[in-house]
Amino acid sequence: MSTDRVAVDVKVPNQTRYLCLIGHIGENIARALKHYGGDKEKLAYDLNLVLTEAVANAIRHANEGDPSKEVHIEITIADRQLVLRVYDHGQGFDIGQFAAPRHPMEEHGRGIYIIHNVMDEVVYRPTDDGYVLEMTKNL
Amino acid sequence: MSTDRVAVDVKVPNQTRYLCLIGHIGENIARALKHYGGDKEKLAYDLNLVLTEAVANAIRHANEGDPSKEVHIEITIADRQLVLRVYDHGQGFDIGQFAAPRHPMEEHGRGIYIIHNVMDEVVYRPTDDGYVLEMTKNL
Amino acid sequence: MNLQIEDKGAAVLMDVKEERLDAHNSGELKAQMLKLFEEGKNNLIVDLSSVRFVDSSGLGALVSGFKNASSRSGSLKLSGLQLQVKSMFELTRLHRVFEIFGDVDEALASF
Amino acid sequence: MNLQIEDKGAAVLMDVKEERLDAHNSGELKAQMLKLFEEGKNNLIVDLSSVRFVDSSGLGALVSGFKNASSRSGSLKLSGLQLQVKSMFELTRLHRVFEIFGDVDEALASF
Ligand SMILES: Nc1ncnc2c1ncn2[C@@H]1O[C@H](COP(=O)(O)OP(=O)(O)O)[C@@H](O)[C@H]1O
Ligand SMILES: Nc1ncnc2c1ncn2[C@@H]1O[C@H](COP(=O)(O)OP(=O)(O)O)[C@@H](O)[C@H]1O
């Protein structure tokens, strides 16, 4: 039983006020899934969360808060795989350093850990004009 | 004062179960608008409605309910204009015939009237492999 | 579609427990109304208090039910319309066709 | 950010009247907490009952407030966490850091 193909491509200004839009699109996609055995409301929260974390990182760490830049997000569902891609125009970073949980008393540094926790595969790799964080979840 | 550029591109299977996803994305976009003097919740309903009507038409009248076909929707906001485009792979139709309100006792034929009522400009034109319904609203 | 049907004596209540009444689920509402008509139940109240969004297909299903009920000397009345749903009836002039009540009890009392 | 601040005597209540506490608005919560600390108000209750979604920045702002309150011999306690918000505290082990209460009254009684 293969999943229907759904593809959503979003471009928004490099501003945190758009996190809510991106997160909600993630929620709506979870709720529209045709074949999903698990808890759809949990998946909705998780996609909202992962997209919010990844896009916030692109905005603050890669595009350095420059509000005239653009963030590009791709969400695709096909063959029981959900893939989220968040493109940035930064210098990249060593994602391997942030996979472990932070000490609870740290103020920062939980985003990548959360993404790893929710998704099945997380890859950060260079593109022609920056980097992409590619996050896959098996449905 | 120009609007930030937002672009959302969605492809879903030719099935009415995805109307809800498309409609909700329209709502979320209205709520995320930066500069909008009017009632955002009314705009949210209206975008939900117009997208639902246009996509339902593409699914039922153009792609003739074939669930393996795809519906393509583009939403862009730039320069205080919001443009919705719904692409279909059908034979086209004479949209001019459906701009007037139906008699209240008719069961069908209110979709295009509603779209005209909500949007400022509505154009239906051929593309390479079908047609596009292009609906513009000044923000 | 989540539709709760209850015989209230003077009329049958159809409580549409959906956030949306649209081209995806309005066919089911129509089919359920036809079933009630076939059972001789021609007085219906459709309660829309859970419905936040209705499109032209949803309105069409209600018009269909209205015409069927009328042709069988019954009637279909509405209750619990949210503000934005009500606007849809005004835009399409259907507020002049349907009897619309604040809640189910008011609708029931009118039969 | 819609944040209602009320002095309840034993503690100051910060009621976060937002659906989301995220990288967009958590900086403001942090700034408001700092303002209270500067006024010598070191006992805070942050009520999250309206908050349906929190991200790592939102958690970070709360940790920041917690540390500041503690260093001034006060404390920051939480109330009204929705189920999915609570899961975020568990995932990040912050449920062992914060005192978490069902509602504001319970939190208040603990000071
Ligand atoms: N897209 C990115 N580009 C550059 N650096 C990044 C990016 N995403 C994350 N980082 C780096 O990884 C660190 C850890 O990220 P994260 O776990 O999300 O926590 P936080 O954003 O709270 O610091 C960030 O502080 C930043 O230095
Ligand atoms: N994308 C389309 N392709 C072909 N025909 C269409 C399309 N959209 C609308 N139509 C035609 O226009 C008519 C009026 O559409 P509409 O006002 O939405 O009402 P309804 O869909 O309820 O009939 C439809 O019945 C159909 O014949």
Side-chain angles (χ1 to χ4, degrees), chain A residues 1-36 40-41 43-44 47-48 51-52 55-56 59 63 65-80 82-87, chain B residues 1-36 40-41 43-44 47-48 51-52 55 59 63 65-80 82-87 139:
Chain A
M1 188 173 60
S2 81
T3 31
D4 287 338
R5 198 184 120 80
V6 174
V8 180
D9 184 297
V10 187
K11 292 187 181 116
V12 291
N14 194 55
Q15 298 166 31
T16 53
R17 73 189 315 278
Y18 293 101
L19 288 174
C20 175
L21 170 61
I22 309 297
H24 280 152
I25 290 177
E27 280 194 332
N28 293 333
I29 285 181
R31 292 187 180 129
L33 280 184
K34 200 162 181 173
H35 308 295
Y36 184 67
K40 271 194 192 175
E41 282 307 307
L43 183 67
L47 297 188
N48 186 347
L51 286 166
T52 299
V55 174
I59 291 173
N63 301 343
D66 178 348
S68 70
K69 287 193 175 166
E70 197 173 64
V71 184
H72 178 193
I73 300 105
E74 274 176 15
I75 308 172
T76 50
I77 300 172
D79 303 325
R80 305 193 75 72
L82 178 127
V83 183
L84 310 175
R85 290 188 188 87
V86 175
Y87 294 85
Chain B
M1 188 173 60
S2 81
T3 31
D4 287 339
R5 198 184 121 81
V6 174
V8 180
D9 183 297
V10 188
K11 292 187 182 113
V12 292
N14 194 54
Q15 299 166 31
T16 52
R17 72 189 317 277
Y18 293 101
L19 288 175
C20 175
L21 170 61
I22 309 296
H24 280 152
I25 291 177
E27 281 194 331
N28 293 333
I29 285 181
R31 293 187 180 129
L33 279 185
K34 201 165 183 173
H35 308 294
Y36 183 66
K40 269 194 193 175
E41 281 309 306
L43 183 68
L47 297 187
N48 187 346
L51 285 165
T52 298
V55 174
I59 291 174
N63 301 343
D66 179 347
S68 70
K69 287 193 176 168
E70 197 172 64
V71 184
H72 178 194
I73 300 104
E74 274 177 15
I75 308 171
T76 50
I77 300 171
D79 303 325
R80 306 194 74 72
L82 179 127
V83 184
L84 310 176
R85 290 188 189 86
V86 176
Y87 295 85
L139 297 177

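In what follows, every chain begins at residue 1, and chains take the letters A, B, ... in the order their sequences are listed.
- Residue Glu74(B): no heavy atom, backbone or side chain, is found under 4.5 Å from chain A.
- For Leu19(A), no part lies near chain B; criterion is any non-hydrogen pair under 4.5 Å.
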| request: Using the side chain to side chain contact (heavy atoms under 4.5 Å, CB included) rule, take Leu21(B) and Ile29(A) through it: C-alpha gap first, then chi angles, then the decisive distance, then the call. | output: CA-CA 7 Å; Leu21(B) 170 61; Ile29(A) 285 181; 3.8 Å; yes
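- The closest side-chain heavy-atom distance from Asn28(B) to Asn28(A) is below 4.5 Å.
- Annotation: the span from His24(B) atom NE2 to His24(A) atom NE2 amounts to 10.5 Å, rounded to 0.5 Å.
- Pairs of residues two or more places apart, or lying in two chains, that qualify as salt bridge (Lys or Arg N to Asp or Glu O under 4.0 Å) and include a residue from residues 14-28 of chain B are Glu27(B)-Arg31(B), Glu27(B)-Arg52(C).
- Using a 4.5 Å cut-off between heavy atoms, Ile22(B) does not touch chain A at all.
- When each of Glu70(B), Arg5(B), Gln15(B), Lys34(B) is checked for heavy-atom pairs under 4.5 Å with chain A, Lys34(B) comes out on top.
- A search for ring-ring contact (aromatic ring centres under 6.0 Å, His included) contacts involving Tyr87(A) returns His72(A), not counting sequence neighbours.
- For chain A, no part of Ile75(B) is nearby; none of its heavy atoms comes within less than 4.5 Å.
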| Residue pair Lys11(A), Val6(B): steps toward the side chain to side chain contact (heavy atoms under 4.5 Å, CB included) verdict | CA-CA 6 Å; Lys11(A) 292 187 181 116; Val6(B) 174; over 6 Å; no
